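Residue numbering restarts at 1 for every chain, and letters A, B, ... go by the order of the sequence lines. Values in this document were obtained by computation on a predicted structure and should not be read as measured data.
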Protein chains: 2
Amino acid sequence: MPRSGKEARARLEQAALELYLEHGFDAVTTAEIAARAGVTERTYFRHFPDKREVLFEGERRLTGWVTEALAAVPDEVAPWPAMRRAIDLIVPSLEESGRAGNRLAAIVATTPALRERAAAKEANLVALVAGLLVERGAPADEADLVALTEWGVLAHAIRTWRAAPGTPLQRHVDRAFALLGGLAGA
Amino acid sequence: MPRSGKEARARLEQAALELYLEHGFDAVTTAEIAARAGVTERTYFRHFPDKREVLFEGERRLTGWVTEALAAVPDEVAPWPAMRRAIDLIVPSLEESGRAGNRLAAIVATTPALRERAAAKEANLVALVAGLLVERGAPADEADLVALTEWGVLAHAIRTWRAAPGTPLQRHVDRAFALLGGLAGA
DNA sequence: GTCCGTAGTGTCAGTCACCGACATTAACAC
DNA sequence: GTGTTAATGTCGGTGACTGACACTACGGAC
């Protein structure tokens, strides 16, 4: 019953999240996820390529935000400040999805297989950013270095932000950039 | 026949490398690797936890180098310059293992599953470095940021070095640090 | 030399992630 | 109603990975 297809996908996401939280990633089978979602195991694999990917829908939104944010910065702006501005543009979206992000980070942090996937996603994102900077006219190796470094700073800021609940993310971002500037400038 | 155990492990590494190069990672089964190495599939999994790990012995050496290099830098040196010095100490070792590294990078770059593992290894290494810096007395978040950034710079330098055969790695490292200093200082 | 503990291996049976091929059904257009 | 299409169900299979148990080569104790 092709009841729009999107419904099944959403139910699978929900079921997977619940089961992973209840019993841990390793103790859950894809068949169980499918059963709770009311579909067949085969249907699960039509919506997601493997057992892990069901948890990373948020990451897809993130790549969208990054692309939009960089597109919103004028091409004349040099790579480093352009990325810096783009990060400021993304911060509110990140802050909004903070709760879901936290819950997810908890599962991911405790299971190696998911940390692997997360690390890979991050690497892909850095590559995407570098590519976008090149399209804006940056030299390839400068783009690479800027993407790597600034994304690293953002990732760091997110971590310290998660460790200090209630504080605004923007402050952590500013602080991290200032810290890096002092370190790398000398 | 426990013919020292190390021999079987080495044969497995060799067999896996050959087969992966010949037919590609996905087209090779662990049973085939074991067969070429003259052991059982079960024995393969006694030496390596999964199909991918057999390719990452070099990474283990790398973590050793990093630990030693950081230990060789006096504790009085601040985190950023300490890591900077440690990288200079590692460069020769990296340069020596350049050939093997290139061959491996080629396989890894072309298969997503291996890129995932590589990304995870890199993240673990950054975490290790941050931990070592903390042991030296650095504040946790500064250690995190320094490890992230400087390791990123090194990774970037290695990439440009691979793209420019024949040039010394140290030059790429110096160049990348200079570039970052100019970017992040402003 | 015999005995014995240990480490490395073989064997077997099983679970589970994942995939190809084909049949089926709901919804929608006409 | 009929045809089309997208989503699903069904079936069978492959291959990564694991637990349990038996076996065999080696080293040392005596």
Which side-chain N or O atoms in residues 172-181 of chain B pair as donor and acceptor under 3.5 Å with protein atoms at least two apart or in another chain?
| from | atom 1 | to | atom 2 | distance (Å) |
| --- | --- | --- | --- | --- |
| B/His172 | ND1 | B/Thr160 | OG1 | 3.0 |
| B/His172 | NE2 | B/Thr167 | OG1 | 2.7 |
| B/Asp174 | OD1 | B/Arg84 | NH2 | 2.8 |
| B/Asp174 | OD1 | B/Gln170 | NE2 | 3.0 |
| B/Arg175 | NH1 | A/Asp141 | OD2 | 3.0 |
| B/Arg175 | NH2 | A/Asp141 | OD2 | 3.0 |

B/S/- contact track for nucleotides 12-17 of chain D, protein heavy atom under 4.0 Å: ----SB
What donor-acceptor contacts under 3.5 angstrom involve side-chain atoms of residues 128-139 of chain A, with partners at least two apart or in another chain?
| from | atom 1 | to | atom 2 | distance (Å) |
| --- | --- | --- | --- | --- |
| A/Arg136 | NH1 | A/Leu70 | O | 3.2 |
| A/Arg136 | NH1 | A/Val73 | O | 2.8 |
| A/Arg136 | NH2 | A/Pro74 | O | 2.7 |
| A/Arg136 | NH2 | A/Val77 | O | 3.2 |

Salt bridge (charged side-chain N to carboxylate O under 4.0 Å, His left out) partners of residues 109-131 of chain B, not counting sequence neighbours, each pair once: A/Arg52-B/Glu116, A/Glu116-B/Arg117, A/Arg117-B/Glu116, B/Asp50-B/Arg117, B/Glu53-B/Arg117, B/Glu53-B/Lys121
Sequence neighbours excluded and cut-off under 3.5 Å, please list the side-chain donor-acceptor pairs for residues 102-110 of chain B, or say none.
| from | atom 1 | to | atom 2 | distance (Å) |
| --- | --- | --- | --- | --- |
| B/Asn102 | OD1 | B/Arg162 | NE | 2.7 |
| B/Thr110 | OG1 | B/Ala106 | O | 3.3 |
| B/Thr110 | OG1 | B/Ile107 | O | 2.9 |

Just how far, in rounded Å, is [atom2] of [N] from [atom1] of [X]?
X	N	atom1	atom2	value
B/Glu7	D/dA25	CD	P	14 Å
A/Glu53	C/dA17	CD	P	16 Å
B/Arg46	D/dA22	CZ	C1'	11 Å

Distance test, side-chain N/O of B/His47 to OP1/OP2 of C/dG8, below 4.0 Å: no
Any A/Thr43 side-chain nitrogen or oxygen under 4.0 Å from OP1 or OP2 of D/dT8: no
Contacts of type ring pair (Phe, Tyr, Trp, His ring centres under 6.0 Å), residue A/Phe25, not counting sequence neighbours: A/Tyr20
Sorted by number, the residues of residues 108-119 of chain B with heavy-atom contact under 4.0 Å to DNA chain C: none
Those residues that, when tested against A/Glu22, pass side chain to side chain donor-acceptor pair (under 3.5 Å) (two or more places apart): A/Arg36
Any donor-acceptor N/O pair, A/Glu142 side chain to A/Pro79 backbone, under 3.5 Å: no
Partner set under salt bridge (charged side-chain N to carboxylate O under 4.0 Å, His left out) for A/Glu76, not counting sequence neighbours: none
